Amino acid sequence: MEDIIKPPAKGYKYYKNMTYEEMLDLYLKTNSFRKCAALTGTSHTPWKKEFEKKYIIEKRCNKLCNYVSVSPKPNSTIGNYDWIFCNNANEHIKEPLLRGGISQLDVDPIEDNIYKIGVVSDTHLCSRYQQIESLWKFYERCSNHGITTILHAGDLVDGMGVYTDQIYEVFLHSEDDQTKYTIKNYPKIDGINTVFISGNHDKSFWKKQGSDVCYNIASRRSDMIYKGSYQADLDIGSIRVCLHHGDGGVTQSISNKLQKYVLSKINEKGENAPDALFLGHYHVSAMLPKYYGMLAVQMPCFQLPTPNYMGRKGLNPDIGGIIMEMEILGEKSISMKTEYVGYKPIEDDYS
């Protein structure tokens, strides 16, 4: 390794003075941010941040593609950005990880000032415990109701390495395989769009290799609209709906986390707090019809209990989705009706 670069003088942050090309060259030779950091007098995190900073400033995407003599493997990474392959195998597009924000959704009312949407969460595709047959049934039910938009509160795929022994609970292990499976098998019904955020299982590939599986899927499915990581505010007419993927485990009081997230939205956004909150991640249902003026729903899921996580903790998930009807009664008055659609467990729903 000594022939790559001379070790820096003690305490001298040599990496700060490196050009983008020098940092890239070192990374390509070592294939490790930690090795790059050790050779240039710093630690892993500041070296990586400096590299990303230089990449963003200089916008070297096209130059980088020409610089690499052989094409990177699908979904390999340079810095904090993921490679997305276009139809032309020699062409690469790199996009930063999307963050949550506010979006206006194009949802037509079913009647004057009345909107109807479906909501799902935690589908965990590529898990041996997925419930894809029931997920399809829910989409068909929404279609029969004339629904054109279904929201998804995160954990589209099961990911990899989220917890110990997860490797034995998935039937496809690589990001590329999980991406292809989801593109092919996630429900696709004419007239219905899926608007979704990523959850912690989706982000497992980002943590491992800097690749955003949700962006990759949405870039190849025009009916799937990606709105960022962990949370997004979505305006439907004058109604603001928040999708949020939570953190941590379920407490004995099932609605405890839901209550905390409602209060956090109110404290953070004040008058701009959402009218409705749909909280993913917990796999068990809870609903607060008007908690501090907000409809709050903790979402069910489409996954059976996994033996190495939910089963071990003695947790029993609720399988199903939510259909919500929203009526604008006045300038600040909204009526919301929710229908919980539940399904019985199906074993081995992945073959």
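Heavy atoms only: backbone and side chains are in, while hydrogens, waters and symmetry mates are out. Please read these numbers as outputs of a predicted model, since none were measured by experiment.
Judged as a salt bridge (Lys or Arg N to Asp or Glu O under 4.0 Å), and not counting sequence neighbours, the contacts of Arg141 are Glu339. Residues passing the salt bridge (Lys or Arg N to Asp or Glu O under 4.0 Å) test with Arg128: none are found, sequence neighbours excluded.
Within the structure, the side-chain hydrogen bond (donor to acceptor under 3.5 Å, both in side chains) test picks out the following pairs touching residues 186-197 (sequence neighbours left out): Tyr139-Tyr186, Tyr139-Thr194. A side-chain hydrogen bond (donor to acceptor under 3.5 Å, both in side chains) check over residues 267-280, counting only residues at least two apart or in different chains, returns the pairs Asp233-Lys269.
You'll find the side chain of Leu258 reaches within 4.5 Å of the side chain of Leu288, heavy atoms only. Contact check for Val284 versus Met299: no side-chain heavy atoms found under the 4.5 Å cut-off.
Under the 3.5 Å distance criterion, with hydrogens and angles disregarded, no donor-acceptor pair is assigned to the side chains of Trp206 and Ser211. Counting only N and O atoms by type, the side chains of Asp176 and Thr179 include no donor and acceptor under 3.5 Å apart. Under 3.5 Å, the side chains of His245 and Asp155 contain a donor-acceptor pair of N or O atoms.
Taken from NZ in Lys290 to CD1 in Ile334, the straight-line distance is 8.0 Å, to the nearest 0.5 Å. Atom CZ of Phe33 and atom OG1 of Thr45 lie 10.5 Å apart (nearest 0.5 Å).
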Note to self: Checking Lys265 against His244 for the side chain to side chain contact (heavy atoms under 4.5 Å, CB included) test, could you report, in this order, the C-alpha distance in whole Å, the side-chain angles of both residues, the deciding distance, and whether it holds?
What the structure shows: CA-CA 10 Å; Lys265 299 296 178 188; His244 197 116; 2.8 Å; yes

Ignoring hydrogens and angles, write down the donor-acceptor pairs under 3.5 Å from the side chains of residues 103-121, residues two or more places apart or on other chains.
residue: Ser103; atom: OG; partner: Lys227; partner atom: NZ; Å: 3.2
residue: Gln104; atom: NE2; partner: Asp235; partner atom: O; Å: 3.1
residue: Lys116; atom: NZ; partner: His145; partner atom: ND1; Å: 3.2

Please tabulate, for side-chain N and O atoms in residues 317-329, each donor-acceptor pair with protein atoms closer than 3.5 Å (sequence neighbours left out).
residue: Asp318; atom: OD2; partner: Ser285; partner atom: N; Å: 2.7
residue: Asp318; atom: OD2; partner: Ser285; partner atom: OG; Å: 3.2

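Test Glu169, His283, Gln130 against Gln303 for side-chain contact (heavy atoms from CB on, under 4.5 Å) and you get one pass: His283.
Aromatic ring pairs are classed by plane angle as parallel below 30°, tilted from 30° to 60° and perpendicular above 60°; the pair Phe171 and Tyr181 is perpendicular.
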